[in-house]
2 protein chains.
Amino acid sequence: MFIEIDFNSDEAIYVQLCNQIIMGIATSQFREGEQLPSVRQLADAIGINMHTVNKAYSILQQEGFVKIDRRRGAIIAIDLNKLAALQEAHDMLSVVLARAMCKGVSRTEIHELIDEIYGEYEA
Amino acid sequence: MFIEIDFNSDEAIYVQLCNQIIMGIATSQFREGEQLPSVRQLADAIGINMHTVNKAYSILQQEGFVKIDRRRGAIIAIDLNKLAALQEAHDMLSVVLARAMCKGVSRTEIHELIDEIYGEYEA
DNA sequence: CCCTCTGTTATACTTGATATAACACAGAAT
DNA sequence: ATTCTGTGTTATATCAAGTATAACAGAGGG
């Protein structure tokens with residue numbers, strides 16, 4: 001369990017949690033069917049409130065990354081909706097690329113970044 | 001001036017404003033040295049508060065997209081810091097790509113999206 | 001039957017986003 | 001000079017969102 005929270009960040013804690021868990025799934029640190037730590041366990045480990053973790057898990061459920069069972073807790077369960085995923089990726093990329101373009105980052109450099117990150121994830 | 005705010009979005013209004021203005025710069029709708037509408041003009045046009053626009057402009061200044069003059073208002077002035085831009089792009093892409101990968105989007109499909117968006121911007 | 005584990009709900013507290021109002025400075029018109 | 005109108009700024013208030021504390025409810029193991 002390698003989750004690092006930056007308390008000085010302007011990003012909400014539950015958002016950081018969501019992102020790190022999703023990245024954990026992408027890197028196969030968490031696998032389909034695997035059980036995440038209970039809200040209390042994780043909250044204590046990080047030093048934050050149980051409710052904040054609960055909110056992160058709820059959002060991950062809503063976005064189709066986990067399923068929540070009252071007895072077993074949160075379990076990795078990807079809901080594959082590729083059309084929605086492509087739409088979401090397009091919208092988020094539009095913002096990221098606009099920022100990069102304004103600052104003089106070329107199309108080639110972006111493609112290189114993509115390959116670099118995909119490399120980190122597939123390894 | 002084509003700025004559309006979604007009041008049902010979970011994104012804060014000032015964030016939507018920042019993003020749309022940055023996309024406006026990327027599409028050459030706004031050019032270096034050009035003057036943005038005054039905080040009151042834009043606020044009235046959109047139907048929001050002047051202070052919300054002011055916050056967006058302040059953030060754009062802080063991030064190096066505009067300069068604010070008490071007399072002339074906000075003026076497009078890109079502060080080219082490519083190293084920081086590449087770092088930022090890497091961090092944001094890490095999150096976007098993780099989400100996409102989990103949902104079964106391939107590396108090739110991401111590259112296609114990049115080209116598609118760059119095409120829209122350069123046109 | 002009790003103890004402990006799970007998530008859930010109710011309630012407060014604190015911070016951030018947005019709005020209202022008054023301010024201060026600069027330039028144009030009179 | 002004086003007034004008017006434009007700019008961003010600051011102070012204050014309001015409302016929503018993020019986070020925390022505490023008590024609850026169901027499930028399973030001793």
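To find a chain, count down the sequence lines: A is the first, B the second, and so on, and within it residues start at 1.
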List for me each residue that meets salt bridge (Lys or Arg N to Asp or Glu O under 4.0 Å) alongside B:R40, sequence neighbours excluded, and say none if there are none.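 Per chain and number, B:R40 pairs via salt bridge (Lys or Arg N to Asp or Glu O under 4.0 Å) with no residue.
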Kindly write out the residues that satisfy salt bridge (Lys or Arg N to Asp or Glu O under 4.0 Å) with B:R71, not counting sequence neighbours, or none if the list is empty.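 Scan of B:R71 (salt bridge (Lys or Arg N to Asp or Glu O under 4.0 Å), adjacent residues dropped) gives B:D69.
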Atom-pair distance ([atom1] on [X]; [atom2] on [N]), nearest Å:
{"X": "A:E11", "N": "D:dA17", "atom1": "CD", "atom2": "P", "answer": "18 Å"}
{"X": "B:D44", "N": "D:dT5", "atom1": "CG", "atom2": "C1'", "answer": "15 Å"}
{"X": "B:N8", "N": "D:dA16", "atom1": "CG", "atom2": "P", "answer": "14 Å"}
{"X": "A:K67", "N": "C:dG7", "atom1": "NZ", "atom2": "P", "answer": "17 Å"}
{"X": "A:I5", "N": "D:dG18", "atom1": "CD1", "atom2": "P", "answer": "15 Å"}

Just distance, no hydrogens or angles: give the donor-acceptor pairs under 3.5 Å from side chains in residues 75-91 of chain A, sequence neighbours left out.
from, atom 1, to, atom 2, distance (Å)
A:N81, OD1, A:A84, N, 3.2
A:K82, NZ, B:E109, OE1, 3.4
A:K82, NZ, B:E109, OE2, 3.3
A:Q87, NE2, A:D91, OD1, 3.1
A:Q87, NE2, A:D91, OD2, 3.4
A:E88, OE1, B:R99, NE, 3.3

If hydrophobic residues (ILVMFWY) are linked whenever their side-chain heavy atoms come closer than 4.5 Å, directly or via other members, who joins A:Y14 in its cluster?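 So far as hydrophobic clustering goes, A:Y14 is joined with A:V15, A:I59.
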What string of B, S and - do you get for nucleotides 7-14 of chain D, 5' to 3', when a contact is any protein heavy atom under 4.0 Å? BBBB----
Is the phosphate of D:dT19, meaning OP1 or OP2, less than 4.0 Å from a side-chain N or O of A:K55?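 No, outside the criterion.
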State whether B:T52 places a side-chain N or O below 4.0 Å from either non-bridging phosphate oxygen (OP1 or OP2) of C:dA17.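 The answer is no; no side-chain N or O of B:T52 sits under 4.0 Å from OP1 or OP2.
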Could you pull out all residues at least two apart from A:A98 that satisfy side-chain contact (heavy atoms from CB on, under 4.5 Å)?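 With neighbours one apart ignored, the set is B:I22, B:M23, B:A26, B:Y121.
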Of A:Y14 and A:N49, whose nearest nucleotide on DNA chain D comes first from the 5' end?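 Taking each residue's closest nucleotide, the earlier one in sequence belongs to A:Y14.
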Among B:I5, B:D6, B:V53, whose side chain to side chain contact (heavy atoms under 4.5 Å, CB included) with B:I13 holds?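 With B:I13 as partner, side chain to side chain contact (heavy atoms under 4.5 Å, CB included) holds for just one option, B:I5.
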